[in-house]
Visitor: 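Here it is, the structure in full.
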Amino acid sequence: MATNFSSIPVIDISSLLAKADDPKMAEDPGVREVVRQLDKACIEAGFFYVKGHGVPETLLKEVRDVTRSFFELPYEEKAKIKLTPAAGYRGYQRIGENITKGVPDMHEAIDCYREVTKGMYGDLGKTMEGSNQWPQYPPTFKVLMEEYIRLCTGIADLARKIMRGIALGLGGSPDEFEGQRAGDPFWVMRLIGYPGVSTVNGTHVLKNDIGCGAHTDYGLLTLVNQDEDTNALQVRNLSGEWISAPPVPGTFVCNIGDMLKIYSNGLYESTFHRVINDNSKYRVSVAYFYEMSLINEQTNFDTAVEPLDTHKTRANGNTKFERPVYGEHLIAKVLTNFVF
């Protein structure tokens, strides 16, 4: 359970990344210190910033800039990659088409998912079958985003290495979330644009100031690359207060999701958060969601999630969970998140 935290910690993970593939990483003093900080942050807030992550600041900015350039295009151009069920719920949605707990959100976005080929997950996965829709303009968009995804998932393995530290924090082995849990993950990426208060007009824009309503994320770990000059992300503490998560240049702001809460037997919290952009500036945020394993594809997509068996998760008591099936959980979210 989250505490009455009043700020979100910044953690330098460079020592963890340097030793993440060393069989003796758990013995390294630098790694142990990063693990201690990750464990504390996941227990107390469910949110933390990471620096020393190795992704160039220039790339972080370029990803935000090209996203902003797309959202500046006329609607007719953006609608060429419109999100539809036939496209596997991938593509562009305009302001008000994303729904959080039944309320339209004041943002526009592009949704991307790892490609799901026909029959990959049987009947359960049919909803997600498809390839990502990339815009023709800006011309660098597709190449840049695929490079960014590779850094988060593949080449740099950033999310996986952070999860190795979290696994140690839970008293498990470093590879606790690899193999059949998250070794070859399903991933989701949302490119989001939040209009500033002075620019919200037009007949299609609904009259509320909630850029994204209060929610928890549903996977393992989220990495958010947010604009460095606009403060809009808020995180709810145990007392119900909304704590600001202001931009920290050169960092990702990270949070844990519902599946990790279950894996930790409730020791870690998937904390409610929301976005309210009451600034006059248009805000861009790029959220990368590290989800669940694709190894033994169909079986893991339809396998129930349950707590890890470590001394720390056992010590947290017999927490009652519904043991959700990840694929069902994901698809239920997708089917209730959009209006057409």
Visitor: Please tell me if the side chains of L60 and Y148 come closer than 4.5 Å, counting only heavy atoms from C-beta onward.
Guide: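 Of all side-chain heavy-atom pairs linking Y148 with L60, at least one is under 4.5 Å.
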
Visitor: Counting neighbours of NZ on K61 that are heavy atoms of other residues, nucleotides or ligands and sit closer than 6.0 Å, is the number greater than 12?
Guide: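 Count not over threshold, so no.
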
Visitor: Does a side-chain heavy-atom distance below 4.5 Å link R90 with V116?
Guide: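 SC-SC contact between R90 and V116 confirmed.
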
Visitor: Going by heavy atoms in the side chains, are L260 and M163 under 4.5 Å from each other?
Guide: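 Result yes, sub-4.5 Å side-chain heavy-atom pair found.
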
Visitor: Is there side-chain contact between Y194 and N279, with at least one heavy-atom pair below 4.5 Å?
Guide: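 Sidechains of N279 and Y194: no contact.
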
Visitor: Atom OH of residue position Y75 - does it have more than 12 heavy atoms of other residues, nucleotides or ligands inside 6.0 Å?
Guide: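 More than 12 heavy atoms, drawn from other residues, nucleotides or ligands, come within 6.0 Å of this atom.
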
Visitor: T100 side chain to V103 main-chain N or O, any donor-acceptor pair under 3.5 Å?
Guide: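 No; zero donor-acceptor contacts below 3.5 Å.
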
Visitor: Ignoring hydrogens and geometry, is there a side-chain-to-backbone donor-acceptor pair from N237 to G240 under 3.5 Å?
Guide: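 Yes; judged by distance alone, with no hydrogens or angles, the pair exists.
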
Visitor: Is a side-chain donor or acceptor of S131 paired with a backbone partner of E115 at a separation under 3.5 angstrom?
Guide: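 Answer holds: no.
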
Visitor: Inspect the surroundings of NZ in K78 and state if more than 12 heavy atoms from other residues, nucleotides or ligands are less than 6.0 Å away.
Guide: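 Enclosed: over 12 neighbouring heavy atoms sit under 6.0 Å from NZ of K78.
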
Visitor: Taking the side chain from E228 and the backbone from G250, do they hold a donor-acceptor pair closer than 3.5 Å?
Guide: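 Judged by distance alone, yes, a pair lies under 3.5 Å.
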
Visitor: For the pair N277 (side chain) and A232 (backbone), establish whether a donor and an acceptor sit closer than 3.5 Å, ignoring hydrogens and angles.
Guide: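 No, the answer is negative, given that no donor and acceptor are paired below the 3.5 Å cut-off.
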
Visitor: Given the side-chain rings of H273 and F47, with only the six-membered ring counted for Trp, is the space between their centroids under 6.0 Å?
Guide: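 Judged by ring-centre distance (under 6.0 Å), H273 and F47 do meet the cut-off.
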
Visitor: Looking at N225, is its backbone amide N or carbonyl O close enough to the side chain of R64 to form a donor-acceptor pair, meaning the two atoms are under 3.5 Å apart?
Guide: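 No, R64 side chain to N225 backbone: no donor-acceptor pair under 3.5 Å.
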
Visitor: Do the side chains of N255 and T271 get nearer than 4.5 Å, heavy atoms only?
Guide: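 No - every pair of side-chain heavy atoms lies 4.5 Å or more apart.
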
Visitor: Determine, using the 4.5 Å side-chain heavy-atom cutoff (strictly less than), whether Y137 and F70 are members of one ILVMFWY cluster.
Guide: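 Shared cluster, yes.
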
Visitor: Is the backbone N or O of R94 less than 3.5 Å from a side-chain atom of E97, with the two atoms forming a donor-acceptor pair by type?
Guide: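 Pair found, side chain donor or acceptor close to backbone of R94.
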
Visitor: For the side chain of T3 and the backbone of E44, is there at least one donor-acceptor N/O pair under 3.5 Å apart?
Guide: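 Side chain of T3 to backbone of E44: a pair is present.
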
Visitor: Regarding R68 and E72, does a basic nitrogen lie under 4.0 Å from an acidic carboxylate oxygen?
Guide: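 Looking at E72 together with R68, the answer is no, because their closest N to O distance does not fall below 4.0 Å.
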
Visitor: Kindly work out whether a path of hydrophobic side-chain contacts (I/L/V/M/F/W/Y, heavy atoms less than 4.5 Å apart) joins L191 to L144.
Guide: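 Yes, same cluster.
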
Visitor: Are Y263 and F177 near enough that their ring centres are under 6.0 Å apart?
Guide: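 Yes, ring centres under 6.0 Å apart.
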
Visitor: Has the side chain of D217 got a donor or acceptor atom that lies under 3.5 Å from a matching backbone atom of G219?
Guide: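 No: the side chain of D217 does not pair with the backbone of G219.
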
Visitor: Going through the distances and angles, do E33 and R36 end up as a salt bridge (charged side-chain N to carboxylate O under 4.0 Å, His left out)?
Guide: CA-CA 5 Å; E33 175 56 23; R36 183 194 69 78; 2.8 Å; yes

Visitor: Using the rule side chain to side chain donor-acceptor pair (under 3.5 Å), only one of E108, R190, K82, H107 pairs with Q93; which is it?
Guide: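 Single pass found, and it is R190.
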
Visitor: With side-chain contact (heavy atoms from CB on, under 4.5 Å) as the test, pick out the partner of D105 among I192, N98, V275.
Guide: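 Of the listed options, the one satisfying the test is N98.
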
Visitor: What I'd like to find out is whether the side chain of N265 reaches to under 4.5 Å of the side chain of L308, using heavy atoms alone.
Guide: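 Side chain of N265 against side chain of L308, heavy atoms only: no contact under 4.5 Å found.
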
Visitor: I43 versus L267: any side-chain heavy-atom pair under 4.5 Å?
Guide: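 The answer is yes, as the side chains (C-beta and beyond) meet within the 4.5 Å cut-off.
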
Visitor: Within the structure provided, determine whether E176 and L170 are in side-chain contact (heavy-atom separation under 4.5 Å).
Guide: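 A side-chain contact is absent here, since even the closest heavy-atom pair is not under 4.5 Å.
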
Visitor: With no hydrogens and no angle check, is any side-chain donor or acceptor of D227 less than 3.5 Å from a backbone partner on V284?
Guide: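 At least one qualifying donor-acceptor pair exists.
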
